[in-house]
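Read the structure below first, then the notes.
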There are 2 protein chains.
Amino acid sequence: MLESNPSPGPEPDRAGPEKPRLERQRILQAGVDFIEQHGARQLTMRRLGSALGVEAMSLYRYVPSRESLLDGIVETVIDELYGDPEVYVEPRHGWQDYLLRLAHGLRRLALKHPQVFPLVATRPTEAPWVRPPLRSLRWVESFLAALTSSGFSDRAAVATYRAFSSFLLGHLLLEVAALGADVGPVEEADPHPPASADLDGYPLLQQLQDLLSEDRSAQEFEESLENLMDRLEALAP
Amino acid sequence: MLESNPSPGPEPDRAGPEKPRLERQRILQAGVDFIEQHGARQLTMRRLGSALGVEAMSLYRYVPSRESLLDGIVETVIDELYGDPEVYVEPRHGWQDYLLRLAHGLRRLALKHPQVFPLVATRPTEAPWVRPPLRSLRWVESFLAALTSSGFSDRAAVATYRAFSSFLLGHLLLEVAALGADVGPVEEADPHPPASADLDGYPLLQQLQDLLSEDRSAQEFEESLENLMDRLEALAP
DNA sequence: GCACTGTATTTACATTGTAAGCCTCCAACC
DNA sequence: GGTTGGAGGCTTACAATGTAAATACAGTGC
């Protein structure tokens, strides 16, 4: 995504709903918005094209395939982390602060993009040890640097990285799934009814349904995260 | 071209590759096997049909759509839990024993079906509080019963259920993803090369690549599970 | 023989991803 | 000016998919 567009002549400063020219970033952003509105299953090249006022095939000048379009969409979302002022790429106030900010930043991201997040969580990564939801070499490098520079041994840093990603993946995936997002494929545009399933043979479920439906995700996230941090402190120097 | 041996007798006990008649369970099992061999992306009605020696449309007598076929496949795999002699539906030796057995049973399932497990983890469930990887009303009921019958309060049982599913989902999804399974869609039948990506700008990743590639999933699972159990004991009566 | 019934096939169609080629406009040179 | 070239978008085309609808066909009861 190296843009070296050297000022395309005069300024296209015309007012009105012009077609501002197709660009990779514009396509990816439109993809994010489309998925957030209609779900990933509904995203087809033709539909995304027409959302941009363009034919499907035009997209292929900027994106080699639908698969890589999805990869780009995921990357676009993850890149928002760099724009989050609460998240630091460098550990400014110790590793605990770094991890807490990163965790909360990722949670914000997941909640902001509940439909895209399942892709962030489940799309194959470029190497097996690049784990969702961090997904990017830069962030993994930053993560490990934060820890080793705080005195963690190599092993401890790697162990922390693994524990941290498992924790986030489990929590956030379930949290966005509970929001009614499509995790995985499917979604028939069927915003299911109250979903008061037939719990006839399940007395406990009937009894506990209210409790089960209660949303305590924020508190649970904080508590589990705190527990994780306590555990990680045992590995710290 | 098809079968020139219609097996006229009542018993189809002839040796040889008979077509034992289509049945829902046979289709679902074939689906599990197919996905395990070729990945979920490759599963099409036509291909699954021909794996069963039958036309695509024949499957529709037993399965209303591809989506529900996938649901059935997921259910089939989860149902294997009932056949696991190490997993008890009732807590025979206390709730800790129950949870440990269940966790290990689910991990065994995930490792046995690394290609199907991502579907188990990410397919929408019938109610938002039916969380992967348990996914079934019966198991959730069993889970909650095990805890409440051990003296857990309703709230504590529900909290335990949530913590337990998050933990399993995160760990197992990442563990099967590391096995090279397709989490999510994609997979171009491209069994990627050693994947020695270009780590030029990432000195720490270069330095830690061996550690990062080490497989410590079993130990990590045990350790995190034990930690979870410790945490849960705080909620116990 | 005949009709009935449940199972598998055939045919058909809309939708998808994407290859290949075409058209059109605009900038750069003569 | 005219010409050219190339980039950006469009048209056409095709194979693969999910699945509706009609059909064929075997087995059973009369």
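Order of the sequence lines sets the chain letters (A, B, ...), proteins ahead of strands, with each chain counted from 1. Owing to the predicted nature of the structure, the values given are computational and were not obtained by experimental measurement.
Cation-pi check for R138(B) over Y82(B) is met; the charged atom lies under 6.0 angstrom from the ring centroid and within 45 degrees of its normal.
With sequence neighbours left out, the salt bridge (Lys or Arg N to Asp or Glu O under 4.0 Å) criterion links E214(A) to R155(B). Remark: S165(B) engages L174(A), R131(B), P133(B), Y161(B) in a side chain to side chain contact (heavy atoms under 4.5 Å, CB included) (not counting sequence neighbours). In this structure S50(B) satisfies the side chain to side chain contact (heavy atoms under 4.5 Å, CB included) test with no other residue, sequence neighbours excluded.
The separation between L59(A) atom CG and dG9(D) atom P is 10 Å, rounded to whole Å. To the nearest angstrom, C1' of dT18(C) lies 5 Å from OH of Y60(A).
With hydrogens and angles ignored, the 3.5 Å screen pairs a side-chain donor or acceptor of S68(B) with a backbone N or O of S65(B).
Dashed line: the shortest gap from a side-chain N or O of S58(A) to OP1 or OP2 of dC10(D) is under 4.0 Å.
Between Q37(B) and D33(B), the side chains place no donor N or O within less than 3.5 Å of an acceptor N or O (distance only, hydrogens not considered).
End-to-end axis angle for the helix from dG1(C)-dC30(D) to dC30(C)-dG1(D), using five pairs per end and rounding to 10°, comes out at 30°.
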Between the protein and nucleotides 12-16 of chain C, which nitrogen or oxygen pairs are less than 3.5 angstrom apart?
from	atom 1	to	atom 2	distance (Å)
dT16(C)	OP1	R47(A)	NH2	3.3

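Aromatic ring centres of F167(B) and F167(A) lie farther apart than the 6.0 Å criterion allows.
Among residue pairs with one or both ends in residues 103-118 of chain B, those qualifying as salt bridge (charged side-chain N to carboxylate O under 4.0 Å, His left out) are E80(B)-K112(B), D84(B)-R108(B), R107(B)-E175(B); sequence neighbours excluded.
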